Amino acid sequence: MAHKINKIGVLTSGGDGPGMNAAVRSIVRYSLHYGLEVAGIMRGYQGLLEEDIIPLNHRSVSNIINKGGTILKTARSKDFSSDEGKAKAAEVMRKHKIDGLVVIGGDGSYKGANRFYELHGIPTIGLPGTIDNDLTGTDQTIGCSTAINTALESIDKIRDTAQSMERIFVIEVMGNKSGYIAMQVALAAGAEDVIIPERTFDYAAMHQELMEGNRKGKISYIIVVAEGAATAPVVAENITRFTGFETRYVVLGHVQRGGTPSGQDRLLSTRLGAAAVDLLLNGIYGKAVGILEDEINVIDLKDAVRRSHGDMEDHYELLKILT
Ligand code: F6P
C-alpha cells in the first residue's frame, strides 16, 4: 500500500565509501525539489535508535559532492540487529514523522533494511554503498571506483621503489570477502600476480616463477593480495622462506576508503540518490537500487544479497599473458 511520503530519512551505514556524500546531496536536493522534508540520521541505525536526527536543507549539502567519507557519519549498530531494536527504530521514525527511509550501505546494512521493512512496513530503499562491489543488482557500488584509483596511485608509487631497489612487493588491498578490488587493481597496475579468495592460488608455482624470473634477470615484482585471501606479511614471509629473496609488503588498508570520490562514483551516487526518492514517491518500497548497463535497476531488498564475481579466471589469464 502506498504511504503518503512527506519526510524522508537518510542514513549511511557500515564502512563508509567515497561518493556517499554525493548520494546524500542528491537525495536531499531531489526531495526538496518535490516538496519533501529530509531528515539526516547520524551514525547509521545507531543514530536512529538514539534519535540523533537533524533536518537537512539545500545548504546542508553544499560543497559535499567532492568530499570523501560521509557527513552523516556511519556505524555498525549491534542494537539495531535485534527485532526489538528494529521495533524501537520504527517508533523513533513515527515520533519524528519520518515516512520513508533511504539506507546507503553494504550487505549487512541491506539485510537490516530488509528486515526492518518486512517487520514494520516502513517504506525503505537501499543504495549500494561499499567499496567492495559485492552486491547484486548493480554493476558497481558507491566507493569502489575511487578505492581502485586510490590503490593504483599507491601501487604506482611502490613500483618506483620496487624497480629502483629491485625488490618484490606484496600489496594487500581491501574488499572484505571479495577479490574484485584486488583483481581490478592488479590488472590496471600491471601487477605480476594477484591472489584472490575466489580462485585457488598455486603458491609453489609463484615461488618457482619468481626464481625463474630472477635467473632471467627479472628482479622486481608486484603481487596484489585481496585481504579475504591472505595477509601480505604471511605471503611475503613465505616468498622469502621459499625463494631466499628479500620481500617487502604494504597493507594499504583504510587509505582506500578515503579521498575525493571519482567522477564515476559521483555520477553513480547522484543518479541512485534521485532514483531512491522517485521510488518512495511512487509507492515502491523494500527495494535496492543499482545501475546495470547504464540503466537504473531495481530489485527486492531481500534479493540484494552478497554478490560474487566468480574466479575472474579470464582476468587472471589476461594478467599473466601481459606480465
Ligand atoms: O566493507 C568495506 C570494508 O572497507 C572492507 O573492504 C573491509 O574488510 C572492512 O570494511 C573494514 O572494516 P573496518 O573499517 O570496520 O575495519
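Note that ligands are numbered from 1 as they come in the structure, with each ligand's atoms numbered from 1 the same way. Keep in mind that this is a model prediction, so the values were computed, not measured.
A salt bridge links K218 to E192: one of the charged nitrogens lies within less than 4.0 Å of a carboxylate oxygen. Electrostatic pairing of R306 and D134 counts as a salt bridge here, judged by a charged N lying under 4.0 Å from a carboxylate O.
Note on ring orientation: taking the six-membered ring where Trp is involved, the planes of Y203 and H207 are tilted (angle from 30° to 60°).
The immediate protein surroundings of ligand 1, defined as residues with any heavy atom under 4.0 Å of it, consist of R76, T130, I131, D132, M174, G175, N176, E227, H254, R257.
Judged as a ring pair (Phe, Tyr, Trp, His ring centres under 6.0 Å), the pairs with a partner in residues 60-118 (not counting sequence neighbours) are, in order, Y45-F80, F80-F116, F116-H120. Here side-chain hydrogen bond (donor to acceptor under 3.5 Å, both in side chains) pairs that include residues 23-38, with residues two or more places apart or in two chains, are R29-H58, R29-S62, Y30-D278. The salt bridge (charged side-chain N to carboxylate O under 4.0 Å, His left out) pairs that include a residue from residues 235-262 are D16-R257, R167-E246, E237-R241, E246-R248, where partners are two or more places apart or lie in different chains.
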